[in-house]
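Just so you know, residue 1 is the first one in the sequence shown, and it goes up from there.
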Amino acid sequence: MDFPTSRRRFLATGLGALAAVAAAPLRTVAANPERLVVVNADDFGMSAEIDRGILEAHDRGIVTSASLLVDEPDVEAAIHEAHRRPKLGLGIHVAFDSRGKWLIDVKDLDAVQREIHRQIDRFIRMTGAAPDHIDSHHHVHRLFNVAYLFLDAGRQYRVPVRGLTEVVFVGRFYGQPEFGKTDLSKIGVEAMIGLLQSLKPGISEVSCHPGTLESRPDA
């Protein structure tokens, strides 16, 4: 799979600078009791390239939690690395599709409910603990008639669901402001600093998609 560089490129091109330049704003946010931020990386476990990016971003002090795809090829290696990093929060990224192919009809609410609980149960078996948070691939959990199923799961497992609690979800650190159009300035160092400085009082979750460039066998 050829991952869009607009989602991954910031790590390969500017993470070192970001870690250095953004350190002061991050410390300011953390020190201000009125503003707290979680920087969450999606798609953990999807591939070794993505996982390396997420782990490097965490090790350098940017990413504070990750959302795990329990059915993807690199999930076991991702869990192993997460266990070596006790400060990395680990939630679940519930997915109803894989590699662009929909596996569950999200209009079938019974199937959706079964799939949510199957994936959470798998997460618990594989990691040994309940997820820190629940979210979903492509934000399916925010769809009408689907959201309440995620809220029910959140109540059952006593964990928050992204965008459906008092924590404000911030998803604009993304390199494709329009479908099919890449704008790397949206995921540069200045963009991240500006985003952090714009956060309002309260708790915010900033979503991102780090990764390293994928090696291709025909390259």
Side-chain angles (χ1 to χ4, degrees), residues 1 3-19 22-23 25-26 29-30 36-95 98 119 123 126-127 129 131-142 159-163 167-176 184 186-189 191-193 195-196 199 203-214:
M1 182 176 182
F3 302 109
T5 57
S6 60
R7 299 181 70 194
R8 318 292 181 193
R9 188 74 173 274
F10 81 93
L11 188 80
T13 58
L15 182 58
L18 178 59
L26 282 170
V29 171
L36 297 173
V37 62
V38 174
V39 179
N40 187 85
D42 288 348
D43 301 340
F44 196 36
M46 180 177 282
S47 74
E49 289 82 10
I50 290 174
D51 294 351
R52 280 198 297 269
I54 292 172
L55 295 168
E56 184 178 349
H58 172 69
D59 292 343
R60 295 197 183 193
I62 302 299
V63 164
T64 57
S65 76
S67 296
L68 185 73
L69 289 158
V70 297
D71 292 328
E72 291 297 326
D74 209 52
V75 61
E76 292 185 3
I79 292 170
H80 174 75
E81 291 298 329
H83 282 164
R84 298 178 59 217
R85 295 165 171 83
K87 293 184 178 181
L88 178 66
L90 194 61
I92 186 168
H93 204 48
V94 177
S98 179
Q119 292 189 34
F123 180 102
M126 295 185 76
T127 67
D132 288 348
H133 61 276
I134 301 172
D135 55 51
S136 65
H137 202 39
H138 305 309
H139 305 297
V140 173
H141 71 282
R142 300 175 76 171
V159 294
V161 180
R162 170 187 282 174
V167 178
V168 176
F169 174 67
V170 182
R172 63 182 183 271
F173 190 73
Y174 194 78
Q176 286 190 331
L184 295 181
K186 301 293 185 182
I187 50 174
V189 174
M192 175 60 91
I193 293 173
L195 186 152
L196 291 172
L199 298 177
I203 305 174
S204 301
E205 177 194 351
V206 175
S207 173
C208 63
H209 297 83
T212 56
L213 296 180
E214 183 183 33

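- Qualifying side chain to side chain contact (heavy atoms under 4.5 Å, CB included) partners for D132, counting only residues two or more places apart in sequence or in other chains: none.
- The shortest distance between side-chain heavy atoms of V70 and L68 falls below 4.5 Å.
- Residues I92 and Q119 are in side-chain contact: their nearest non-hydrogen atoms beyond the backbone lie under 4.5 Å apart.
- D51 pairs by the side chain to side chain donor-acceptor pair (under 3.5 Å) definition with nothing, not counting sequence neighbours.
- By the ring pair (Phe, Tyr, Trp, His ring centres under 6.0 Å) test, H83 pairs with no residue at all, sequence neighbours left out.
- Looking only at atom types and distance, the side chain of E72 has no donor-acceptor partner in the side chain of S47 under 3.5 Å away.
- Evaluation of the side chain to side chain donor-acceptor pair (under 3.5 Å) rule for E205 yields R162 as partners, not counting sequence neighbours.
- H93 pairs by the side chain to side chain donor-acceptor pair (under 3.5 Å) definition with D43, D135, H137, not counting sequence neighbours.
- Using modelled atom types, no side-chain atom of S204 and backbone atom of V37 make a donor-acceptor pair closer than 3.5 Å.
- In this structure, the side chain to side chain donor-acceptor pair (under 3.5 Å) partners of H138, at least two apart in sequence or on a different chain, are D97.
- Residues meeting the side chain to side chain contact (heavy atoms under 4.5 Å, CB included) test with A77, sequence neighbours left out: D74.
- A ring-centre distance under 6.0 Å is not found for H58 and F44.
- Side chain of T212 to backbone of G53: no donor-acceptor contact under 3.5 angstrom is found.
- Applying the side chain to side chain contact (heavy atoms under 4.5 Å, CB included) rule to D59 yields the partners R85; only residues at least two apart in sequence or on another chain are considered.
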